[in-house]
Amino acid sequence: MAKPPKSISPFRLASLLRLQKDPNLALHLFLNPNPNANKPFRYSLLSYDLIITKLGRAKMLDEMDQILQQLKTETRFNPGEIIFCNIITFYGRARLPDRALHIFNQIPSFRCQRTIKSFNTLLNALLSCREFGKMREVFVGLNRFVAPDACSYNVLIRAGCLMNDLGSAREVFDEMQKRGVRPDAVTFGTLISGLCAGGKLDEAFKLKEDMERGFRVRLDGFVYASLIKGLCKVNELSLAFKLKDEMLERRVELDSAVFSTLISALFKAGRKGDVVGVLKEMKENKCKLDAITYNAMIYGYCQEKDFDAAFGVLSEMEKRRCKPDVVCYNVIIGGFCREGKFREATELFEDMPRRKCAPDVVTYRTLFSGLCDGKQFQEAALILDEMVFKDYSPSAASIVKFVDELCQAGNLKLLWTILNSLAKGNLIDSVTWGRVIPMVCENNKLLNASALIETLLILSRGLDLITNCSPSSENKRQCVDEKRPSSASSSWTESDFTPFDMKLLRGYGGFWTAAYTGWLRTAEARVLLSKEKEVPSMEDNLILSALPKGTTPRSSPSYKGHAMAINERLYVLPIPHADRVLQAVPSPGVGH
DNA sequence: TTAGGGTTAG
């Protein structure tokens with residue numbers, strides 16, 4: 001007879017969790033440490049820490065929340081502030097500012113004291129979400145309870161730099177000194193980097209002087225790397241190399257960041273031959289090449305259309321046990337696309353999972369816009385659909401470009417396909433609607449599309465994000481039934497909408513208005529079809545004309561669009577989908 | 001794992 005499995009101790013659970021790479025398995029293990037035991041498991045604080053960190057890193061934030069609720073009920077120990085700092089950071093990375101703020105406010109309920117540390121983490125998380133207004137609010141509010149330190153000000157300075165508002169970054173720099181907080185190396189590093197990025201090299205060098213002479217803060221690699229990049233950007237390569245030598249003289253540790261910048265600049269200046277010297281110097285300084293250094297070379301070779309050399313670097317990385325990262329593949333895929341090597345680009349993209357590298361939003365955007373530029377419409381449509389499925393969005397410009405190209409090519413069939421994909425991701429904005437509608441009307445030999453466009457304009461006009469409201473499905477159904485345009489008018493005006501509608505439209509802002517209109521029209525089309533009106537108005541025609549030819553709705557279409565034969569088409573999206581369109585949140589850009 | 005630099009697209 002098999003022996004019953006030995007029950008595991010809290011200590012053993014922690015070490016098992018540490019070893020488990022798969023976050024799902026780790027979660028399962030955490031939730032069922034001893035499946036056959038009948039008394040509750042006494043989790044250690046370390047186990048909580050490990051599972052929360054694992055789930056957070058894997059972006060399994062709902063599961064992480066579940067564990068947090070459990071942690072709240074544990075009274076045997078008091079969790080340290082660091083756990084909450086990590087959680088706040090995870091929310092920041094996931095662009096969930098409200099949840100970051102919420103957990104920050106909840107910290108005391110976990111029997112943990114908040115300090116400037118979690119406050120600064122919150123500020124930084126809000127910065128990751130580009131919630132500058134909220135940052136200010138939080139800073140002003142908490143200022144009354146706790147004195148900001150250099151780190152707090154450094155986050156604010158970085159916010160100024162990212163907003164391209166170097167003036168306000170400077171103001172923060174002055175303010176911190178007024179309040180007796182000494183700027184440190186990070187303060188100068190942040191400000192100098194911002195000045196270099198903004199092309200204010202003179203100011204940056206002046207600040208470097210002040211840092212050293214006036215403030216007696218030691219220069220470090222961060223400051224040098226920013227300045228060297230700034231010089232390279234304006235083609236001052238010899239000055240950049242001089243600065244690197246200054247680092248050697250002053251015994252500032254030379255790191256891969258400085259060398260990567262120089263290598264990248266040499267390639268861009270067409271001085272590939274000089275890269276060998278830099279690599280040699282790296283070796284002399286015992287500085288290892290990292291993925292970024294290799295990527296600088298790969299990019300250089302791709303710009304020169306030397307893909308063999310680029311793949312050579314890739315093999316070299318593997319040989320040196322430096323795992324190629326996603327940027328590495330993005331660079332090569334981009335290079336292939338620029339050269340019209342779409343098959344190669346797609347093959348490498350498809351090979352990424354085998355190479356144990358997940359494509360990111362940049363990979364998709366690069367491939368998508370490359371395929372569009374090369375008029376590889378079918379492939380582009382496939383990538384687009386996959387992108388939307390993954391909740392990534394192409395840039396608004398490339399969507400419009402793609403739609404324009406399809407309109408020009410008269411490829412209505414593919415146009416419907418991609419509009420369908422875009423609708424799934426709530427990615428059709430008023431510009432796209434504006435491009436598509438005339439196309440549809442022209443194709444159906446209708447008089448003109450001005451009525452619809454006018455409608456879109458009316459709805460988009462001056463609508464700001466004022467309120468947030470989440471309508472019930474009953475509300476929406478009422479909208480559909482009541483929202484018939486007045487018969488005298490051929491287009492919709494504000495008077496055709498109840499105050500509720502207008503509130504709804506305002507709540508979602510101008511950007512969403514077009515999607516909302518699309519949804520209303522969807523339902524509208526369905527109402528029209530179900531009523532089998534004898535003499536369709538021009539408005540009816542317009543909507544019906546948008547339906548692809550040859551699609552015959554069943555006799556009694558219901559609001560549950562899935563029963564309809566045409567529900568795959570854009571204008572007849574199923575209602576549950578429309579609900580999602582309405583409730584969707586704008587997808588963030590990179591890093592989403 | 002409270003904050004800053006270097007490689008990719010748009």
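Since we're looking at a predicted model, the values are computed, not measured. No hydrogens, no waters, no symmetry mates; every other heavy atom, side chains included, goes into these values. In what follows, chains carry the letters A, B, and so on, assigned in the order in which the sequence lines appear, proteins first and then strands, with residues in each chain numbered from 1.
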Discussion item. Taking dT7(B) as the reference, what is the distance to dA3(B) when you measure between their C1' atoms (whole Å, please)?
Written reply: 23 Å

Would you indicate, yes or no, if [N] has its OP1 or OP2 atom less than 4.0 angstrom from a side-chain nitrogen or oxygen of [X]?
X: Arg365(A); N: dG10(B); result: no
X: Lys268(A); N: dT8(B); result: yes
X: Asn330(A); N: dA9(B); result: no

Discussion item. Regarding Val331(A), tell me which of base, sugar-phosphate or nothing describes its non-hydrogen contacts under 4.0 Å with the strands shown.
Written reply: sugar-phosphate

Item to complete: Just call it for Asp325(A): base, sugar-phosphate, or nothing, with non-hydrogen atoms closer than 4.0 Å on any strand.
Response: nothing

Practice prompt. Tell me which nucleotide among dG6(B), dT2(B), dA9(B) gets nearest to the side chain of Tyr299(A).
Written response: dA9(B)

Item to complete: State which of dA9(B), dG5(B), dA3(B) makes the closest approach to the side chain of Ser193(A).
Response: dG5(B)

Worksheet entry | NZ/NE/NH1/NH2 to OD/OE distance under 4.0 Å, Arg99(A) and Asp65(A) | yes

Discussion item. To check you understand the geometry: which heavy-atom pair defines the closest contact between Lys134(A) and Leu101(A), and what is its length?
Written reply: CD-CD2, 4.4 Å

Practice prompt. Give a yes or no on whether a donor-acceptor pair under 3.5 Å exists between the nucleobase atoms of dG6(B), that is its base, and the side chain of Ser260(A).
Written response: yes

Worksheet item: Does Arg182(A) make a cation-pi contact with Phe215(A) (under 6.0 Å, within 45 degrees of the axis)?
Response: no

